[in-house]
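Below, chains carry the letters A, B, ... as their sequence lines are ordered, and counting in each starts from 1.
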Amino acid sequence: MHVVTRFAPSPTGSLHIGGARTALFCWLFAKHHGGKFLLRVEDTDRARSTPESIETIIDGMKWLGLDWDNKDYEGRDYYSQFDMRGRHADVARQMVAEGKAYYCYASPQELEAMRAEQKAKGLPQRYDGRWRDRPASDAPEGVPPVVRLKTPQTGETTVTDAVMGEITVQNSQLDDMVLLRADGTPTYMLAVVVDDHDMGVTHVIRGDDHMTNTFRQVQIYNAMGWDVPTFGHLPMILGPDGSKMSKRHGAQAVGEYREQGYLPEAVCNYLLRLCWTHGDDEIIPQKKAIEWFDLGSVGRSAARFDFVKLKSLNAHYIREMPDNELAKLAVPFVEKKLGKKLAPANVDLLEKAMPDLKPRASTLLDIADMSAFYFHEGAFDFDAKAQKIMTPEAGDALKELAARMEGMDDFSGSALEEIFRAYAEAKGVKLGAVAQPLRVALSGSTVSPPIFHVADLLGKTETLKRIAAAL
RNA sequence: GUCCCCUUCGUCUAGAGGCCUAGGACACCACCCUCUCACGGUGAGAACACGGGUUCGACUCCCGUAGGGGACGCCA
């Protein structure tokens, strides 16, 4: 199957998680079929479109690993809808010439009054076609008209959606939408259709908030005699409480997930599983996703976003990642936590500590929090719990054990553990009774990775230094 | 208000008329492992929105009700 998909965000903000999901699905569908995936920025709204927003969206796509095929297009890495405005206007004029569209001179105020009246009467709010059949001679002087599509008022329109199935709407429900604004710029409705057609888009995959637009857009395809692409509408992503996703629910922008230490693999896997399934499979690496993806397995109902599940998926991908790669990703987070650059030796230490850190972390932020103590300089400030562990008796024991450590040639974790175990057994106490004070001395906390291994990584000199500082 | 879509454990979902004593994952609880915290392992609890049909048989098909979402702009 010949496949061309596109992601068409409007550059009026960041790349939202819902947009990322749409982009992911478009990308997966194209990759699955060996087709093309295009990026088109819908920037016809000049007042709200910003270059910063375009950058943010592109950054987000790159971070997620969703590469598109229209790079280096006229000095840009994406299609700009605004660039095609001339073409859009030509199409609109062609439709007027062919009697498929007409000029409407109704002012915005007039239309507002019309809608208000309809609403008051409990009538459906739509353009009443007041200029649909009026002769050109009725045109008022000096009023720039908009171009409206002459939509069929009888019959019905059926769309076979690759996700939602067959959906039919009565044409009487559709009104004559604006194609070209009074200032000659195209509306979204016209621009998407023309661009999708011109770009050879075969599959329009987007959020289902566009479902009802589809019937209107089909009218434009029909008026122009163009092939209608296959549509696939994806269900909405809702906040945890079932209402529309908003700031109060948590991170919305893809960039925020990045800053919070999420891995793109986890975000993609989570987004994929949110409304698409492959039996009982939960962990779906990118390669498998491309192999398995299809539109038929996309669910039809809106899904609630579950930050906890995303986190557990992120934890999984952290555990799977090779230590060196993970350390590299974690460095900026650790440096931010520490407020200073990490020396090469410390980066090395971070990588060596990774096997201990990985199973304990859900995000890169967690890794930064848990690993900060390795790089700590000077004495720790013990919290109440730590102070409770550091009793005079514990101090005496540590002092004795430190003396034994001095003489160790093999300062490995297992050798240390042996010494501590032997000591504990001789004193008739549990290992924890001596291991916990060591943990507090070395990490400044009652919680840390396995403490003998920590000592091993810190080295004999640093370990003894920290014990001395703690006593 | 009009039109469109949706409805299985708390959440994401499996399920295409008998395979369902409704499966998996996250979360939660218990136990095991254990130097702390995790990881891991084992186990428990937890759902077919409601009401009518159709059928020998409905989570699965049809209708209705309720609830949720979306659209109704010279925004996209």
For B/U34, the Watson-Crick or wobble counterpart (both distances under 3.5 Å): none
Atom CE of A/Met177 to atom P of B/A71: distance rounded to whole Å? 17 Å
Generate the contact string for nucleotides 32-51 of chain B. Rules: B means base contact, S means sugar-phosphate contact only, - means no protein heavy atom under 4.0 Å. ---BBBBSS-----------
For B/U7 versus B/A16, give the span between their P atoms, rounded off to a whole number of Å. 16 Å
Please give the distance between the C1' atoms of B/A47 and B/U13 as a whole number of Å. 12 Å
Sorted by number, residues from residues 105-117 of chain A placing a heavy atom under 4.0 Å from RNA chain B are A/Ala106, A/Pro108, A/Arg115
Mind checking the C1' distance from B/C48 to B/C9? Whole angstroms is fine. 10 Å
From CG of A/Leu313 over to P of B/U11, roughly how many Å is that when rounded to an integer? 19 Å
Close side-chain approach of A/Val334 and A/Phe375, heavy atoms under 4.5 Å: yes
Show which side-chain atoms of residues 418-427 of chain A pair as donor or acceptor with protein atoms under 3.5 Å away, not counting sequence neighbours.
{"residue": "A/Arg421", "atom": "NE", "partner": "A/Glu417", "partner atom": "OE2", "Å": "3.0"}
{"residue": "A/Arg421", "atom": "NH2", "partner": "A/Glu417", "partner atom": "OE2", "Å": "2.7"}
{"residue": "A/Tyr423", "atom": "OH", "partner": "A/Glu400", "partner atom": "OE2", "Å": "3.4"}

Pairs: protein N or O with nucleotides 23-25 of chain B N or O, under 3.5 Å:
{"residue": "B/G23", "atom": "N2", "partner": "A/Asp280", "partner atom": "OD1", "Å": "2.9"}
{"residue": "B/G24", "atom": "N2", "partner": "A/Arg273", "partner atom": "NH2", "Å": "3.3"}
{"residue": "B/G24", "atom": "N2", "partner": "A/Glu282", "partner atom": "OE2", "Å": "2.6"}
{"residue": "B/A25", "atom": "O4'", "partner": "A/Glu282", "partner atom": "OE2", "Å": "3.4"}
{"residue": "B/A25", "atom": "N3", "partner": "A/Lys309", "partner atom": "NZ", "Å": "2.9"}

Taking only side-chain nitrogens and oxygens of A/Thr44, does any of them come within less than 4.0 Å of OP1 or OP2 of B/A76? yes
B/C19: syn or anti, per glycosidic angle within 90° of 0: anti
Any A/Arg304 side-chain nitrogen or oxygen under 4.0 Å from OP1 or OP2 of B/G68: no
Across all chains, not counting sequence neighbours, the ring-ring contact (aromatic ring centres under 6.0 Å, His included) partners of A/His453 are none
Which residues pass the side chain to side chain donor-acceptor pair (under 3.5 Å) test with A/Arg40, not counting sequence neighbours? A/Glu42, A/Asp196
Atom-to-atom span, CG of A/Leu238 to P of B/G10 - whole angstrom: 17 Å
Between A/Phe380 and A/Phe373, is the gap from one ring center to the other below 6.0 Å? no
Any strand, both distances under 3.5 Å, Watson-Crick or G-U wobble: B/C29 pairs with B/G43
Want to settle it: does A/Cys275 or A/Gln81 sit nearer the 5' end of RNA chain B, counting the closest nucleotide to each? A/Cys275
Could you measure between the two P atoms, the one in B/U8 and the one in B/C29, and give it in whole Å? 26 Å
Is there a side chain to side chain contact (heavy atoms under 4.5 Å, CB included) between A/Trp276 and A/His278 once you walk through the steps? CA-CA 7 Å; A/Trp276 176 86; A/His278 188 267; 3.6 Å; yes
The nucleotide from B/A76, B/G10, B/C4 with an atom nearest the side chain of A/Arg48 is B/A76
Could you pull out all residues at least two apart from A/Asn222 that satisfy side chain to side chain donor-acceptor pair (under 3.5 Å)? none
Integer-rounded Å distance: B/U13 P and A/Ile283 CD1: 16 Å
For residues 160-179 of chain A, which residue pairs qualify under salt bridge (Lys or Arg N to Asp or Glu O under 4.0 Å), counting only residues two or more places apart or in two chains? A/Arg132-A/Asp176, A/Asp175-A/Arg216
Euclidean distance for P, B/U21 against B/U60 (whole angstrom): 15 Å
Regarding the side chain of A/Lys244, the nearest nucleotide among B/G70, B/C5, B/U2 is B/G70
Suppose we define a pair by two distances each less than 3.5 Å, Watson-Crick or G-U wobble; what does B/C19 pair with here? none
Can you tell me the base-pairing partner of B/A71? Count Watson-Crick or G-U wobble geometry only, both distances below 3.5 Å, and say none if there is no partner. B/U2
Sorted by chain and number, sequence neighbours left out, ring-ring contact (aromatic ring centres under 6.0 Å, His included) with A/His210 holds for A/Tyr188
Contacts of A/Thr50 meeting side chain to side chain donor-acceptor pair (under 3.5 Å) (sequence neighbours excluded), chain-then-number -> none
Does OP1 or OP2 of B/C72 have a side-chain N or O of A/Thr212 closer than 4.0 Å? no
Could you name each residue pair satisfying side chain to side chain donor-acceptor pair (under 3.5 Å) that touches residues 260-269 of chain A, not counting sequence neighbours? A/Asn269-A/Tyr317
On the side chain of A/Asn213, is there an atom forming a donor-acceptor pair with the base of B/A76 - under 3.5 Å, no angle test? yes
Calculate, to the nearest 0.5 Å, the distance between atoms CE and CG belonging to A/Met321 and A/Leu364 respectively. 8.0 Å
Would you measure the distance from the P atom in B/G67 across to the matching atom in B/A49 and give it in whole Å? 16 Å
Applying side chain to side chain donor-acceptor pair (under 3.5 Å) to A/Thr154 and not counting sequence neighbours gives none
Determine the interatomic distance between P on B/C32 and the same-named atom on B/A38; round to the nearest Å. 15 Å
Pairwise P distance, B/G40 and B/C28 [rounded to whole Å]: 13 Å
